[in-house]
Amino acid sequence: MKDIAGMDELYRDFILDHYRNPRNAGTLEHPDASFEDVNPLCGDKIRMDVSVRDGAVADVRFRGRGCAISQASASLLTEDIKGKSLAEVERLNADDVVANLGINISPARLKCALLGLKVLKHALALEYQPTEEEKAYPDGQPS
Amino acid sequence: MKDIAGMDELYRDFILDHYRNPRNAGTLEHPDASFEDVNPLCGDKIRMDVSVRDGAVADVRFRGRGCAISQASASLLTEDIKGKSLAEVERLNADDVVANLGINISPARLKCALLGLKVLKHALALEYQPTEEEKAYPDGQPS
Amino acid sequence: MKAAERSLLESPVLAPAPTPFSDTEIARVRSEFPILKERPHGKPLVFLDSAASSQKPIQVIDAMDDYYRRYHANIHRGVYHISELASEAYEEARAKIGRFIGARDAHECIFVRNATEGLNLVAYSWGRHHIQRGDVIVLTEMEHHSNLVPWQILAQEREAELRFVPVTPDGLLDLGGLDDILDSAKLFAFTAVSNTLGTVNPVKHLSARAHAAGAIAVVDGCQAVPRMPVDVADWNCDFMAFSAHKMLGPTGVGMLWGRKELLDAMPPFLSGGGMIKVVNLTSSTYASVPARFEAGTPAIAEAVGFSAAVDYLAALGMERIHQSESRLATIALRRLAEQSNITVYGPPMEQRTGVISLTVGDIHAHDLASILDSEGVCVRAGHHCNQPLMEKLGVPATARASFYVYNTVEEIEVFIAALDKAKRIFKIA
Amino acid sequence: MKAAERSLLESPVLAPAPTPFSDTEIARVRSEFPILKERPHGKPLVFLDSAASSQKPIQVIDAMDDYYRRYHANIHRGVYHISELASEAYEEARAKIGRFIGARDAHECIFVRNATEGLNLVAYSWGRHHIQRGDVIVLTEMEHHSNLVPWQILAQEREAELRFVPVTPDGLLDLGGLDDILDSAKLFAFTAVSNTLGTVNPVKHLSARAHAAGAIAVVDGCQAVPRMPVDVADWNCDFMAFSAHKMLGPTGVGMLWGRKELLDAMPPFLSGGGMIKVVNLTSSTYASVPARFEAGTPAIAEAVGFSAAVDYLAALGMERIHQSESRLATIALRRLAEQSNITVYGPPMEQRTGVISLTVGDIHAHDLASILDSEGVCVRAGHHCNQPLMEKLGVPATARASFYVYNTVEEIEVFIAALDKAKRIFKIA
Ligand SMILES: Cc1ncc(COP(=O)(O)O)c(C=O)c1O
Ligand SMILES: Cc1ncc(COP(=O)(O)O)c(C=O)c1O
């Protein structure tokens, strides 16, 4: 087991801020790419709209509902990728999401954290690299 | 658990004799009643043909294949019932079969011993009283 | 029996009106559940998720241990001693669990993996046999996915119609239009107790209304059988499914009870070894019930454990279990009502049992459960396999606390304090 | 892991050619199976019925015990600590058991109650989806009822044609006309090892022939997986089902392995909680595999025990298990050949494994098994869920002795002596 964060540490102010005031919230009118998915485990839902220019992310919006971890992760991700090339986005993985959160989380909550990245990659038809956990523990019983 | 017989005691000479030289073996040409059944547990099979006159068993024949216990019990039963009234046959139960064998047997083997009586009663459309074991342990997994 | 000997609670309940367990009794019960000594994150374990799956007393664990150490063998096919012991234990379990729910005949009791399989068995074997195009199947809006999706699939396959008894805003079945809904229905499937709201439904009444309309009554007994006296003869229903793991028993086993006449007329569902009579290469005849519905080597050790669980529950007394749980739920609801920013779902106490769904401010249930976990408090978070009901309640997810025989009033206070911690972390007054 | 620590056999097998276990090794193994200390009828237990269900080492019993004592909770739905531990253990078991049979992807591994359920899953989900009127399903004459009856029912439902690969008098598949039989077939289901005769079938070859004919290959791995190295990738089959209880694991759990592309395209079989994605009142979408095929609360403790069983087998080494069993079978066949009035069924030693069916004079198998039991010797008697094969062999029943990791050469002598006793009682020279 990885070290699981203390709760105060996990839900620091900036996480709660991203949860309650998500950045890049909403939708794009004419997205070049768009995808929505749910985490059947808990019903968390995220939709990502992306506009791409010259092989890079020109703009991004997301809309979702779910726990602070999934929503804040998605919000942080949208900040992260603006202006990044698709190649750079392709390279993003679980470690980057965890780095954004600034803290290790348990496998169950990692699923929450990764939903935004999964949806984003799916929207852009980029390959999503499952984490070791995801490889070892397939979808399992979502409800 | 009831006391389970020693093997020499269970397979006494008269049992082996009834197994190898079954009495009333064969079929009747014009039986008044006839029935065949299998014990799915082991594939033991018994058919009973009965002719009835004046409310009593005038003649009986059986044909079967199976273990010494099932075949000897059936053979002993046919000897037992000749001339008996149907009312008397109706009253026959597991205890009588065990008495014929002259020894207590384990629940699994009791099923073998009772096949003949079951088939007989079914042929005569008489009520078959299940033993306590049979009530407690329904058919179960026959194969 | 070893399990029975170990039970310290065997003395008959003489009190005319059943009373909740005393502190001494609960302490005794707790001492028999090894897991309660665990300390997740260094805190005492406060297990409030028994509605998902209960913990197991040492008697149940030992019964299975003993089985594997002394008399494991495949059943019904061996004439040797340990195989006979195993067969006997398996069939004794069937008869005992049957008696526990009021079954008149052990032949009516089919071992399944879990309630979900039991309900699927009815949907496949009875359903495929009886439901035709245009037929009506009635459910309620509070059904667990396991008592919903099998009927959806059946209805799609047969182009049958699904109708739903609505749920009122406080989580009760709205029985106003029931007769219209049941009109010309063939089957009415409903839960005895809601796993999300704790609502206790009037099963006897619903079964009678189903029969009056010419429908059979299929009861999801998952949440009722563990926590209150259940008597299928009194309920007069036609099928009831329930799982061992929610009532102190092991995973991997449950039971489907069905009315003998119905079972006798049903075709096989799963087929293979153990459910046949005579097999030829291209066709076969089948064993009588219950064997006809138990294909392959069954969950023998699990049946033995299930039986020990029923012994344990019976020794405690189902009426007293019900009283004790109601007492805890009453206290919890009162304490929760005293807190700020907490929304509790479901009916008033008189119509519910010890299952409480709630939300706290804008904290998502998942975050709430994580924070409670950090205090050793285990609650479920999510849709509880009740997505349509959540939709109806207008919440994406709730946190659910559920009580069982080993829970205490002190644990309610730990729970309340943990909710406070969550509010503090999320900066909610 | 506690289970692994306890294993005294963990040292890697360095010998280039695998050797049978030494007496010391077998003694060590035996000391880990508590049941072997039992004395039925006052005699040492000589357990020769592992082909029906094997005994369990302490490591397996302890793993489940430990699960219930320390971290039981419903899985995948709880965010609290013990639920995470349980989920992790369950998914680790899936991945480990998958690796044990050569599965490339844990998603291809579905937990079922037993092999029978696994085969039914294929017959219902793949079968109902693909088999149409007039289609051809090919089986062999040596199939266990569990790999026969599900296909009979499917064929009856769909008016499909069943064809059978014949069995030769010495118990081998007669492959002469195979290509004709397979002509335009959609599915070929066959066992890797006969549970009655011990025949080892050429699975890789049969799969290739199935594919060449455009059929999928469904393998009944029940008897092969416990006793020899199995690699589904090398076999290149499409589905394989097997049961934990025959390979040192608990009752109540087994696995269906299937090729990912096939599973991905299959509709649900059992439905309910745990296999859905989004549920509305009248329709639902489903989770991806394997969850799609695991409805309801799974057999969690059993998966944990199954995993410990695979650890135990892997530590012993499947090649060595196979060698040891072959050695015992060779000795037993030689000793049996020296006796009078004994008929042994099945192929010569090179084409079989440690499962031996026999009859003694005119003694019915049931009587024989009873007498052997009185000497502590456990063998199976009957049709072994192989009625058509028995018909073909022209015997109503046989007694079957099967060997496994804990059996010894000395036990063969007890077996032979018990056969002598039977002959004496039945007055056979
Ligand atoms: C070859 C074979 N197939 C299938 C089965 C059925 O296995 P289970 O009863 O565990 O489902 C068995 C064992 O009984 C077997 O030996
Ligand atoms: C009301 C209800 N029905 C059905 C189920 C399904 O039970 P299982 O998962 O044991 O099949 C549950 C529990 O999850 C439940 O609470």
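Computed from a predicted model, the values in this text were never measured in an experiment. Throughout, a chain's letter reflects where its sequence line sits, starting with A, and its residues are numbered from 1.
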For this session: Not counting sequence neighbours, which residues clear side chain to side chain contact (heavy atoms under 4.5 Å, CB included) with C/Ala401? List them please.
Result: C/Leu48, C/Val379, C/Phe415
Exercise. Which residues pass the side chain to side chain contact (heavy atoms under 4.5 Å, CB included) test with A/Ser70, sequence neighbours left out?
Worked result: A/Asp44, A/Cys67, A/Cys112
Problem set entry | Residues A/Arg109 and C/Asp367 bridged, charged N to O under 4.0 Å | yes
Problem set entry | Part of C/Leu368 within contact of chain A (heavy atom distance under 4.5 Å) | neither
Exercise. CG of A/Leu10 to CD1 of C/Ile425: how many Å apart, nearest 0.5 Å?
Worked result: 8.5 Å
For this session: Locate the shortest heavy-atom distance separating A/Met7 from C/Ser374; write the atom from each residue and the value.
Result: CG-OG, 3.2 Å
Problem set entry | Sorted by number, residues from residues 14-25 of chain A in contact with chain C (heavy atoms, under 4.5 Å) | A/Leu16, A/Tyr19, A/Arg20
Exercise. Listed by residue number, which members of residues 82-93 of chain A have a heavy atom under 4.5 Å from any heavy atom of chain C?
Worked result: none
For this session: Measure the spacing between CD1 of A/Ile69 and OG of C/Ser370 and express it to the nearest 0.5 Å.
Result: 7.0 Å
For this session: Could you tell me which portion of C/Asp362 (side chain, backbone, both or neither) has an atom closer than 4.5 angstrom to a non-hydrogen atom of chain A?
Result: both
